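What follows is a short report on a single structure.
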Amino acid sequence: MTEADQPRATETDETATGPDATPPKGARGSGVRTVAFVALATLAGAVAGALALYGMNRLPGNAQAPEVAPQVTSAPTAEPAAKVADSACQGTVDRARVLAPLVKGGLAAFAVATEPRRLPPLAFTDGNGKAVTLADFRGRVVLLNLWATWCVPCRKEMPDLDRLQATLGGPDFEVVAVNLDTRDPEKPRAFLAEIGVKSLAFYADPATKTFQALRGVGRGFGLPTTLIVDRDGCEMGFLAGPAEWGGAEAEALVRAALAPGEVPAPVR
C-alpha cells in the first residue's frame, strides 16, 4: 500500500492517534462531552451515596426512594465490635435468650442479641421540638424504629407500631418511632394523621444522626431499622427491614422482653 493509499484523519475523523495526529476541529465538542461525562459521574456518585441509606444491602421489601437524606452519604463505616461492646450488658444477653423461641413468622428476621452491646448516644426531638435522647427512656423497654415517609415498608409498619403502642405502651414500654424525613417537617405528621395513628408519640431526626450513629456500630443498614432496648440501654435484638409488629407474635416478643425469663402471658 502506498502513502497515498493510507487512511488520513479528516476534520471529522476522531480516530487519529499518535504524537503527530492533528487535533480535529471537533475538539470543542469532545471537551463538552468530557464536561458532561464528569457531571454525570458526579450525579451518579451522589445517587449511589444516597442509596446507601435505603436498601443498598438489599433488605427485603426496600425499594428506591423518591426522597433521600443527603447527610447520610457521609455516614461512617461500621466500627469494630470492641468499641461498642459493654460487659455491663452481659446480663441483657443472657435474659434475651428467652426471645429466641418467639422469633418466627412475621418476625423471623429479628436477630436476638448474642454479645453485650450498649447503643451509642442517640438524640432526636419530640413533637414539640424538644431535644430527647435514648437515655431519657432509661427504666423502660424501648422498641426503637427509624422510618421515613418515602420508605414504602416503613409506611406500612406505622399502623402496626401504633397498635403495639396502644396495647403495651406505658411506664414499662414505649414504641419510639423516629422519623428521618429531611424535607417538609409537616409531611410525616400529616401522613400519621391521615392513617389514623393516635398512640405513637412523634419523634424526628431530620439530620439523620441517629441513623449515622447506628450505622457506625453496625446497626444502620437501611430503612426501616428496629431495635429492642432494655431498661438499661442495652440491645436485646434488632431487625434490619420490615416486620409485622401489630400481631400476636410481636406482642409475645415484647412481653418476653418486659419480663425476661418468664413464660410470656397469653396473647389475643
Side-chain angles (χ1 to χ4, degrees), residues 47 49-73 75 105-111 119 122-127 132 134 142-167 169 174-215 218-229 237-247 249-251 253-254:
V47 172
L51 287 176
L53 171 64
Y54 192 58
M56 279 297 288
N57 63 332
R58 299 178 183 178
L59 293 178
N62 279 0
Q64 186 176 358
E67 178 183 338
V68 294
Q71 295 91 337
V72 177
T73 62
L107 298 176
F110 185 84
L119 294 183
L122 302 177
F124 37 94
T125 60
D126 65 12
V132 179
L134 185 62
V142 169
L143 189 146
L144 176 68
N145 176 269
L146 303 185
W147 72 285
T149 58
W150 43 259
C151 164
V152 175
C154 297
R155 294 166 66 96
K156 292 181 178 179
E157 281 187 340
M158 288 300 108
D160 281 352
L161 291 171
D162 187 56
R163 189 176 302 114
L164 184 62
Q165 173 65 21
T167 303
E174 182 168 350
V175 175
V176 178
V178 182
N179 176 263
L180 301 185
D181 279 54
T182 62
R183 301 173 187 172
D184 184 4
E186 295 305 316
K187 184 176 180 180
R189 293 174 182 271
F191 166 70
L192 294 177
E194 179 183 342
I195 63 174
V197 165
K198 297 180 180 179
S199 299
L200 288 179
F202 183 77
Y203 299 103
D205 175 23
T208 70
K209 291 182 178 179
T210 51
F211 180 87
Q212 295 183 49
L214 288 175
R215 185 179 180 184
R219 288 295 181 266
F221 301 109
L223 297 185
T225 287
T226 308
L227 302 95
I228 293 182
V229 186
F238 80 102
L239 194 155
E244 297 177 9
W245 293 108
E249 292 166 342
E251 186 177 328
L253 187 76
V254 172

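All values below come from the heavy atoms of this structure, side chains included, with hydrogens, waters and symmetry mates left out. Fair warning: this is a prediction, and the values are worked out from it, not measured in the lab.
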Ignoring hydrogens and angles, write down the donor-acceptor pairs under 3.5 Å from the side chains of residues 192-205, residues two or more places apart or on other chains.
residue : atom : partner : partner atom : Å
Y203    : OH   : E174    : OE2          : 3.0
D205    : OD1  : T208    : N            : 3.3
D205    : OD1  : K209    : N            : 3.4
D205    : OD2  : K209    : N            : 2.8
D205    : OD2  : T210    : N            : 2.7
D205    : OD2  : T210    : OG1          : 2.7

Side-chain donor/acceptor pairs under 3.5 Å, residues 154-161, sequence neighbours excluded:
residue : atom : partner : partner atom : Å
R155    : NH1  : T149    : O            : 3.1
E157    : OE1  : N145    : ND2          : 3.3
E157    : OE2  : A243    : N            : 2.8
D160    : OD1  : R163    : NH1          : 2.8

**Request:** Taking all heavy atoms of F211 and all of L146, pick out the closest pair and write down the distance.
**Result:** CA-CD1, 4.0 Å
**Asked** Which pair of heavy atoms, one from N179 and one from A148, lies closest together, and at what distance?
**Response**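 So the minimum-distance heavy-atom pair works out to ND2-CA, 3.7 Å.
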So do [Y] and [X] actually touch side chain to side chain, heavy atoms under 4.5 Å?
X	Y	answer
L180	L223	yes
C151	P224	yes
L239	I228	no

**Message:** Would the distance check show the side chain of D184 and the main-chain N or O of E186 forming a donor-acceptor pair, the cut-off being under 3.5 Å?
**Reply:** yes
**Request:** Output, in order, the C-alpha distance, side-chain angles, deciding distance and verdict of side chain to side chain contact (heavy atoms under 4.5 Å, CB included) for L227 and L214.
**Result:** CA-CA 10 Å; L227 302 95; L214 288 175; 3.9 Å; yes
**Request:** Would you please classify the geometry between the W245 ring and the F110 ring as parallel, tilted or perpendicular, with 30° and 60° separating the classes?
**Result:** perpendicular
**Message:** Under the rule for side chain to side chain donor-acceptor pair (under 3.5 Å), what residues qualify as partners of R189, not counting sequence neighbours?
**Reply:**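 Scan of R189 (side chain to side chain donor-acceptor pair (under 3.5 Å), adjacent residues dropped) gives none.
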